[in-house]
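Please read the structure below before turning to the comments.
FYI, side chains are in, hydrogens and waters are out, and symmetry mates aren't considered; it's all heavy atoms of this structure.
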There are 2 protein chains.
Amino acid sequence: MSDEWSLLSKIPAILEEQHFVRVPDHEPVVRFEFPEDLKKLVDFTLDSDEPRDQAGVEQIIKQVLQYSVRTGHANFHNQLFAGVDPYGLAGSWITDALNTSQYTFEVGPAFTLIEDALIAKCLQLFGFVEGDGILAPGGSISNMYAMVAARYRALPRVKRTGLANQPTLVAFTSEDAHYSIKKAVHWLGIGIDNLVLVRTDPGGCMIPEELEKAIGTVLASGRQPFFVNSTAGTTVLGAFDPFERIADICERHNLWLHVDSCLGGSAILSRKHSHLLAGVERADSLAWNPHKTLGAPLQCSIFLLKHKGLLHECNSANADYLFQQDKFYDVSYDTGDKSVQCGRKVDAFKIWLMFKARGDCGLAELVENAFDCAEFFTGEVRKRDGFRLVLEQIQYTNVGFWYVPKKLRVPEEQQDDAWWAKIYEVTAIIKERLVKQGSVLIGYVPRPHKKIGNFFRMVVTCHPRPTHSSMKFVIDEIERVGEML
Amino acid sequence: MSDEWSLLSKIPAILEEQHFVRVPDHEPVVRFEFPEDLKKLVDFTLDSDEPRDQAGVEQIIKQVLQYSVRTGHANFHNQLFAGVDPYGLAGSWITDALNTSQYTFEVGPAFTLIEDALIAKCLQLFGFVEGDGILAPGGSISNMYAMVAARYRALPRVKRTGLANQPTLVAFTSEDAHYSIKKAVHWLGIGIDNLVLVRTDPGGCMIPEELEKAIGTVLASGRQPFFVNSTAGTTVLGAFDPFERIADICERHNLWLHVDSCLGGSAILSRKHSHLLAGVERADSLAWNPHKTLGAPLQCSIFLLKHKGLLHECNSANADYLFQQDKFYDVSYDTGDKSVQCGRKVDAFKIWLMFKARGDCGLAELVENAFDCAEFFTGEVRKRDGFRLVLEQIQYTNVGFWYVPKKLRVPEEQQDDAWWAKIYEVTAIIKERLVKQGSVLIGYVPRPHKKIGNFFRMVVTCHPRPTHSSMKFVIDEIERVGEML
């Protein structure tokens, strides 16, 4: 065929030359430019109709790389994901090239069986004796799968009738839970007013007594509770809800219990840390994103549920042009009608290949190293002058903290609202300077429902492999930049 | 870093050795094995905890490849997608390696601006003077975006209240439209009973008078019409609805008009064929999947809507931990709160790079070649003994046809139901044999609502570049296999 294919074999070298794989520490995490400036540096528009030769295409690629973020840099801690697992990336490249859909055995024979095997493995890992599952394009969609299944169990006729003229359904989640639950009640027609945000303790864990009380209030109002979302690893603090006690409540009220363990699910891989997830085996469903802590390339989200057959019954549309029942093989291997999608990208192969390459023990070791580094980071923050932890103890690999510049180090009794306002502002300014210097990318977050303003959220993941010295670097940099304020 | 990265640079060579890029014609499209047999040939389970060395991982990859389908083979015509555009694949590999999310400018500076530029280009292509858009993980989700936006426009309070105690909303689509509309009304709480399937003509196009009539019936029943889905390139026949007349009706009744041009949208690139889409510029929203005809790697789906600001207003959840309003750059570049997802894979870069590399003219030429080959194929079927077209004229690049084995070639008056039942059966048997021989992959489909059983659905796409001789090969193979029956 034509020479167009030759570009492909150059991609690994281009990525290495431009320091996007095996990223050297001295490279900036990003060369930041403001949006309007960046538009002047690179012609992003598609206004020109000129085709380009191979060299021209390579040049465009290099321009895009030049102004992109190195999430695979040791000092990238800005999101719940960071660098990729090289085996995961290999899997991703292969599925891109094979360009098929996950919906029928016919076009994805190996990939269909790989997804099955992965689901079976995950059901076993999370202690679901039997069940079913599907890979979804991200945790928000996985959480929606859960809510749709729960709604179907509560009111199966809704699939036909819709929600008009039906009881008003109410969902529960904690005030520290991910906003995808809010988006889900909107999309699914439940409505944001019918989502109860249950209070959390100072550590970000749902307070079971508050859930019980909230259910009582909803029942008294004549509405129908149907779904409780609990979280394993909240977005900001990495908190784990008390699953056993929440499961007791859900059982008592016959409510669907979903565990959003998109972030924290990776703890299941380590015997040392899996206790965090004790009780999730009692849930009806669970979502886990190996594309976060574990470094499977985006997107890789696994939705599991305990009720065999329900996913198909709930979501099927019986499209006869795709899922012909007179096929010559066992069509129960066609998974497409369990999905809300039609064409579905193969996401299972990446994490399956990571399991195959590293074994459970290898993945456990990566997770334990991330926990160890997060602990180390927490210890450094605790003992370093001018640093202050948001919570004395961390549960997962997120660490919330503030930096207090020298001139603001005053006795506790002088730390009034005006003082805190300055600390919150300092946090945002330090972050800005770090981005502009490109040395460290770290996020900051507020907790408005706890009346807490901006603090740094350090996130430790498996890739690129964090070390004590890469942890110390982040603290040193914040101190260095903070002292110049 | 460790040697794990060295695997990456081998992937292009492995794919070429195993004939997944530059696929030679003599390679089988697939080495078919039944699911239970395939499980014996490859250990898909994740039961073993053993890590593997590099060679072991390569061996697993090769096993998976051995039993995978070559969608990039000249004789793969089984789905609405086929092989990839090499530039699209290059884009895909790069975004996989850069592993970032599309939600904020901060972590995807170039990719955010690339998505903006792509949306601007598409708005202009489809004749939307202004508007907004977002890349979604597939056409089904794009169509759901449309329905959610339409619902929000019709009843904005539903975002808060949900659908209980609200008017019963009703959506309309044609009986030949994609089943994702059915899944959308289910998920979004509208209900399948509140989706009206409007009758189509024999060619698969929605009959406007039937739509008008259906709207009247719904209004008379006291329910509230809010959404009409029309189709540009139906899944089975590639039919285009009469957009102008449907737009007139929607305007008259103040209904949201969505165009599902996931398949047929690629016609817009060719001056010769864009007339098929005349009238879509009057729609409120539109979905287009460059991952179908055009060969952008899966997933690549573009959702456009005419109403600036609505996408954000409708879908925002104001998550302050991610979309901080006190950032140091213009946060209107953060697109994440327009999305129903949180983390969102970068899909825009693939098709953007295809535009940059080929120019509009290059893409137009690819589309025109696909149309030309589909026309040629249709002509061959028309003139070849024993072949029979489902429709005398095609609209897009799908061709429906039957093969009639010699012993079944009887005069028209003897072609009764029993005879047709045999033809339908023959279609499935030929397909089975072709798969088992691995020479051609082509789908078959019924049209139950028109009381038509299985026929072959030939699909012509841009990649790998089809030729008249690759078209003839499909017909010859069906004849060869069919004659042995």
Side-chain angles (χ1 to χ4, degrees), chain A residues 1 4-5 7-9 11-12 15 22 35 44-46 49 51 57 64 67-68 71 84 86 90 92-93 96-97 99 110 113 117 121 137-138 140 159-164 168 179 182 186 189-194 297-299 317 319 321 328 333 341-342 345 355 357 359-360 362 432 445, chain B residues 1 4-5 7-9 11-12 15 22 35 44-46 49 51 57 64 67-68 71 84 86 90 92-93 96-97 99 110 113 117 121 137-138 140 159-164 168 179 182 186 189-194 297-299 317 319 321 328 333 341-342 345 355 357 359-360 362 432 445:
Chain A
M1 269 260 253
E4 291 168 354
W5 287 102
L7 177 61
L8 271 303
S9 49
I11 300 293
L15 289 168
R22 293 191 176 98
F44 293 110
T45 72
L46 296 172
D49 187 21
V57 176
V64 169
Y67 298 105
S68 286
T71 62
V84 284
S92 205
W93 281 10
D96 288 348
N99 199 47
L113 300 180
K121 174 71 176 187
S140 298
K159 183 174 177 180
R160 296 221 69 89
T161 64
L163 286 161
T168 303
Y179 71 84
K182 192 169 164 189
H186 162 45
I190 311 290
I192 292 171
D193 288 348
N194 299 311
L298 276 158
Q299 58 195 39
Y321 79 88
F328 65 92
Y333 285 96
Q341 304 183 262
C342 175
K345 196 181 161 300
F355 268 109
D360 298 18
E432 174 181 348
V445 282
Chain B
M1 268 259 255
E4 292 167 354
W5 287 102
L7 177 60
L8 270 303
S9 49
I11 301 292
L15 288 167
R22 292 191 176 97
F44 293 110
T45 72
L46 295 172
D49 186 21
V57 176
V64 169
Y67 298 106
S68 286
T71 62
V84 284
S92 205
W93 282 10
D96 289 348
N99 198 50
L113 300 180
K121 175 71 176 186
S140 298
K159 183 173 177 181
R160 296 221 68 90
T161 64
L163 287 162
T168 302
Y179 70 85
K182 192 169 163 187
H186 161 44
I190 311 289
I192 293 170
D193 288 347
N194 299 311
L298 276 157
Q299 58 196 38
Y321 80 89
F328 65 93
Y333 285 97
Q341 303 184 262
C342 175
K345 197 179 160 302
F355 268 108
D360 298 18
E432 174 182 347
V445 281

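When heavy atoms are compared at a cutoff of 4.5 Å, B/Pro51 approaches chain A by way of both its backbone and its side chain. Of the atoms belonging to B/Phe328, heavy atoms from both backbone and side chain fall under 4.5 Å from chain A. Both the backbone and the side chain of B/Leu298 have a heavy atom closer than 4.5 Å to some heavy atom of chain A. Residue A/Leu15 touches chain B through its side chain alone, counting heavy-atom pairs closer than 4.5 Å. With a threshold of 4.5 angstrom between heavy atoms, A/Ile11 approaches chain B through side-chain atoms but not through N, CA, C or O. Interface residue B/Lys182: only side-chain heavy atoms are found under 4.5 Å from chain A.
Most heavy-atom pairs under 4.5 Å with chain B: of the set A/Thr161, A/Val64, A/Asp49, this distinction falls to A/Asp49. Annotation: maximal heavy-atom pairing with chain B below 4.5 Å, among A/Gly362, A/Gly189, A/Ser9, occurs at A/Gly189. Residue with the most contacts toward chain A among B/Val445, B/Thr45, B/Val57, B/Leu163: B/Leu163 (heavy-atom pairs, distance under 4.5 Å). Interface remark: of the candidates B/Tyr333, B/Phe355, B/Tyr67, B/Tyr333 forms the most heavy-atom pairs closer than 4.5 Å to chain A.
Annotation for B/Thr168 and A/Ala164: closest pair OG1-CB, 3.5 Å, computed over non-hydrogen atoms. Here the closest heavy-atom approach between residue A/Phe44 and residue B/Ala110 is recorded as CE2-O, 3.8 Å. Taking each heavy atom of B/Asp96 and A/Val84 in turn, the nearest pair found is O-CG1, 3.9 Å.
At least one donor-acceptor pair closer than 3.5 Å links the side chain of B/Thr71 to the backbone N or O of A/Asn99.
B/Pro86 is listed as a side-chain neighbour of A/Leu8, based on a closest heavy-atom distance under 4.5 Å.
Of the residues B/Gln299, B/Gln341, B/Lys345, the one that meets the side-chain hydrogen bond (donor to acceptor under 3.5 Å, both in side chains) test with A/Gln299 is B/Gln299.
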